[in-house]
Amino acid sequence: MSDFTYSVDAEGIATIVWDVPGKSMNVLNLESRDLLESFIDKALADTGVKGVILTSGKKDFAGGMDLNIIAKMKESAGDDPARGLFDGIMKFHALERKIELAGMDFKTKKGAKPIVAALPGTALGIGLEIPLSCHRIFAADNPRARIGFPEILVGIFPGAGGTTRLVRKLGAMAAAPFLLEGKLSEPKKAKAAGIIDEVVAPDELLARAREWVLSATDADLVKPWDAKGYKMPGGTPYHPAGFMTFVGASAMVHAKTMGVFPAARALLSAVYEGALVPFDTALKIEARWFTNILMSPSSSAMIRSLFINKEALEKGANRPSVADQKVSKLGVLGAGMMGAGIAYVAANAGIEVVLIDARQEAADKGKSHAGDILDKGMKRGKVTAEKKAEVLGRINATIDYAALKGCDLVIEAVFEDMGVKAEVTAKAETEISADAVFATNTSTLPITDLAKASKRPEHFIGIHFFSPVEKMLLVEIIKGRKTGDIAVARALDFVRQIRKTPIVVNDARFFYANRCIIPYINEGIRMVGEGVAPVLVENAAKLVGMPLGPLQLVDETSIDLGVKIAKATKLALGDAYPDGAVDEILFAMADQGRLGRKSGSGFYAYDEAGKRTGLWDGLAKAYPVAAAQPGLSEVQHRLLFAQVLEAVRALEEGVLEDIREGDVGAILGWGFAPWSGGPFSWLDMLGAARAVELCDGLAAGHGARFAAPALLRDMAKKGERFYIRFSADAKAA
Ligand code: NAD
C-alpha cells in the first residue's frame, strides 16, 4: 500500500490516485513526493499515455504538507540546515515544474501532455500548490470543501510554488487575501476568484477531467507565465498600477502585523522580488525566502504551538484513559451572555441542550441569541434555513429543572456568586443521574470551594469559556481537588465535540489565562500612573504583537469588572496585595462612570456610534505625562514579563502541568504575541540567563513582582530551555 497509485486505461489516460493508507486526510511527505514524481516521469515517458488525471481516493484532495518534513530537510545537509531546506524545497519546485511543462518543447511550445487535477474536496497548502502547476483544475461542487493556503496562520507561507503561481495567476492584489490572510474558499468562490478553473457535479468530476484531457490543444497546455508576452495581472512593481499595489500592500502588511510576523514580511519580499524576474528565478527567490522563514525561531515556535501542539491537545494529549465520554444532552444553567453562547455552540455541534434561567423570558432571550448568530450566518450565505431550524430545535429554553433529566453534562453560568451557584448546583443534582458531570463556568471562584455544594465532588469540574463563546477558540478545564478522571475526560470530549481547543489546569486563583492577563492590564495602568505616555504603553504592546494594548483591553472587558476583581483579590490577599497604585486609577475611572466601551468612555474616548476616537485626553490631566519617558523596549519588557512570569509561576506551582498548554492557551486565550509561540517559547528564544538578567533589572527598577522565579534561575544556571527540561512530548514535572 503506497500513498499514490498509478493506472492507465484503454484510452491511454493515466490516473494517479492519492490515498494515504490509514489516514482520513492526504498529506505529502518526502517519500510520497518522490513516488509522485516517479509516476509523472512514467506517464511522460510512456508513448501510450495521452494525459494524466491527478485525483484523490478520499473525500478530500489533501490537507497539506506533513510538517515533520521540515526537520528532516534541515537534518539532510548535516551542519548546514539552511542548505538542506533550500535543496529540499527546490525538489518540490522541480516536481511541479515538471508537471507544468509536461515534456513541452519550450521553443515551439508543443509536445506537452495534459495533466489535470481533479479535486473531490478540500485542497490546502501543498494540496493546492501541486494542482496550481497542473494545466487545469477541476473541483467537485462540494460546499464543505475548503480551498486555499492556511500557512500564514501558523507562521509560514506557501513556499512550494504557491506564492509565485497564485500571484502570477491572479495578480498581487487579488492574491493578497489568500496568501496574507490564509483565506479559504469553497469551490465556487475559489473559481470566482480565479484560483481553480471548473466546478462540476461530484459524480462527473473524473468524466469532465477526462474529456478535457482528450480534447486539450497545445495552446491549452502553456501556462500564461510560459507564454510569450505574459504580463502579470495588475502589473509588476515598476508598472504604474503595480507600483501602487506594492506600496499599498507593504503599508497594509506592516499596519496589520506591526512588523512582528516574519512570515508576512518574507512572503511580501518573495512576491515583490519574484515579480521582477523570470518565472524560474522567481521560484528560486520564493525558496530562499521560505528557507529564511523555516530557519527563523519565530516560525518554528508558531508551528510547534499553533499546529503540532494545538492538534495534540485537541486529540486528547492530556486526557485520562477512560472510555468515550461524548455528551449527547447538555444542561446549561443561566441564559445570560455566557450561558447563551455555550448553548449555541453545543446545539450547533449536534448536542441536545436544555437552557435554564430563573425566568422564562430570560431563558427565551438566551435562545434568541443563538437565533441571532444563525441569522448572521444566513446573511453571509454560510447557514441555510434548515440548519437554523435544526440548531434552534435542539435548544429547549425553560425554567423547569426536571428537563435536565438525561443530561450527561450540566454547565452552570449563573451570577458570579457562591450562594447562587451552590443553590443551582443542588437543584440540578436532584434531577440528573449519579454519573452525570456538573461543571461551573466561573472565572474567579475556586472550583474546590464550589464543589462543596455538590454531592459528588469527583464529578464536579470547571469548564471556563472565554467571551464571546462562539468566537473564542480556547476552553480552560479546571480540576478541583477532588475532581476525578471521568469528569476530566467528559469535559475534554465535550470540548472536542464543539471543536475548540482545551487546556487542563489545576485550581488556583484565576486559573491560568486570567492569572496572566490581569498583571498585563495592571502593568499598563500602573505605567499611566507613573507618567508614562498612555500612547507609548498602547503602541509598545501592539509593536510586540499583543492584539490589544492593556488600556484598550480593560475598556473592552469593562472597568467595573476590573474594580470587582481588584476588591475580591485585595480581600483574599490582605497585606500582600500588590496593586494599590493600579486601583487608585481604576477606581477613579469607575467613580467617574468611565466604565469602558460599554459606557462609551474609559481610557479611550468613543463617539456616539461607540467607535474609539483616541485615548481620553482627560487622562493626561489626571496623570501628567513625565518629561523623561522610558525606552520602547523597557515598556515592552514590563508588559511581557508581567505575563510570562505568571505563566512560569503557574508551572512552578503545578497549576499548569504541561508547557504546551501554557503556550497554546496563551495565544488562543488572550492573544499573547503569537509570533513568539507563547510565553515558554518566548523565554526559550530569549534564553533563561538573559531572561533572569532582564528580570533583575526590572525588579530593581520597578519592584519585586518582576523577581525571577526560582525555576527560571535554576534553568539559567544549568543553561536549560523549557522545551528540553519539560520535553514537548512528556508532561511537565
Ligand atoms: P450574566 O449576568 O450575563 O448571566 C447570568 C444569568 O444567570 C442571567 O441570565 C441570570 O438571570 C441567570 N441566573 C441567575 N441566577 C439564576 C438562578 N438561580 N437560576 C437560573 N438562572 C439564574 O453573566 P455572564 O457574563 O453570562 O456570566 C455567567 C458566569 O460566567 C459567571 O460565573 C461569570 O463569572 C462567568 N464568566 C463570564 C465571562 C464573561 O466574559 N462575561 C467569561 C468567563 C466566565
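Counting begins at 1 with the first residue of the sequence. Counting starts at 1 for both ligands and their atoms, following the listed order.
Put simply, part of Lys421 is less than 4.0 Å from ligand 1, judged by heavy atoms.
With respect to the salt-bridge test (charged N to carboxylate O, under 4.0 angstrom), the residues Lys405 and Glu431 qualify. Under the 4.0 Å criterion applied to side-chain N and carboxylate O atoms, Arg649 and Glu646 are assigned as salt-bridge partners. Between Glu416 and Lys564 there is no salt bridge, since no side-chain nitrogen of the basic residue lies less than 4.0 Å from a carboxylate oxygen of the acidic one. A salt bridge links Lys598 to Asp560: one of the charged nitrogens lies within less than 4.0 Å of a carboxylate oxygen. Between Asp408 and Lys326, no side-chain nitrogen of the basic residue sits less than 4.0 Å from a carboxylate oxygen of the acidic one, so the salt-bridge criterion is not met.
Distances from atom 31 (C) of ligand 1 to the heavy atoms of Ile399, Thr442, Val414, Asn441 put Val414 nearest. The heavy atom nearest to atom 5 (C) of ligand 1, considering only Ala413, Gly334, Ser558, is found in Ala413.
Under 4.0 Å from ligand 1, the heavy atoms of Phe465 that appear belong solely to its backbone.
Considering only non-hydrogen protein atoms, atom 32 (O) of ligand 1 sits nearest to Glu416 OE1, 2.5 Å. In this structure, atom 18 (N) of ligand 1 lies nearest to the protein heavy atom Val424 CG1, 3.5 Å. At the top of the distance list for atom 20 (C) of ligand 1, counting protein heavy atoms only, stands Ala358 N, 3.4 Å. Among all protein heavy atoms, the one lying closest to atom 40 (O) of ligand 1 is Ser467 CB, 3.3 Å. The protein heavy-atom contact nearest to atom 4 (O) of ligand 1 is Gly336 CA, 3.2 Å. For atom 8 (C) of ligand 1, the closest non-hydrogen atom of the protein is Asp357 OD2, 3.5 Å. In this structure, the protein non-hydrogen atom closest to atom 2 (O) of ligand 1 is Phe415 CE2, 3.5 Å. Summary of contacts: the protein heavy atom closest to atom 24 (P) of ligand 1 is Met338 CG, 3.8 Å.
When all heavy atoms of Leu355 and Gly366 are compared, the pair lying nearest together is CD2-C, 3.8 Å.
In terms of N/O distances under 3.5 Å, ligand 1 is not approached by Glu423.
Against a heavy-atom cut-off of under 4.0 Å, Val420 is close to the following atoms of ligand 1: 15 (N), 18 (N). Each of the atoms 19 (N), 20 (C) of ligand 1 lies under 4.0 Å from some heavy atom of Tyr401. For ligand 1, the atoms sitting less than 4.0 Å from at least one non-hydrogen atom of His464 are 43 (C), 44 (C), numbered in the order shown with element in parentheses. The atoms of ligand 1 that sit less than 4.0 Å from any heavy atom of Met337 are 3 (O), 26 (O), 39 (C), 40 (O), 41 (N).
At a threshold of 4.5 Å between non-hydrogen side-chain atoms, the residues Pro578 and Arg705 do not count as touching. Looking at heavy atoms from C-beta onward, Ile411 lies in side-chain contact with Phe465 at the 4.5 angstrom threshold.
Using modelled atom types, one finds a donor on one side chain and an acceptor on the other under 3.5 Å when comparing Glu661 with Asn318.
Checking atom 26 (O) of ligand 1 against the protein gives a heavy-atom contact under 4.0 Å.
In this structure, Phe726 and Phe722 have parallel ring planes: the angle between them is below the 30° cut-off, well short of the 60° mark.
Judged by the 6.0 Å distance and 45° axis criteria, Lys455 is not positioned over the aromatic ring of Phe438.
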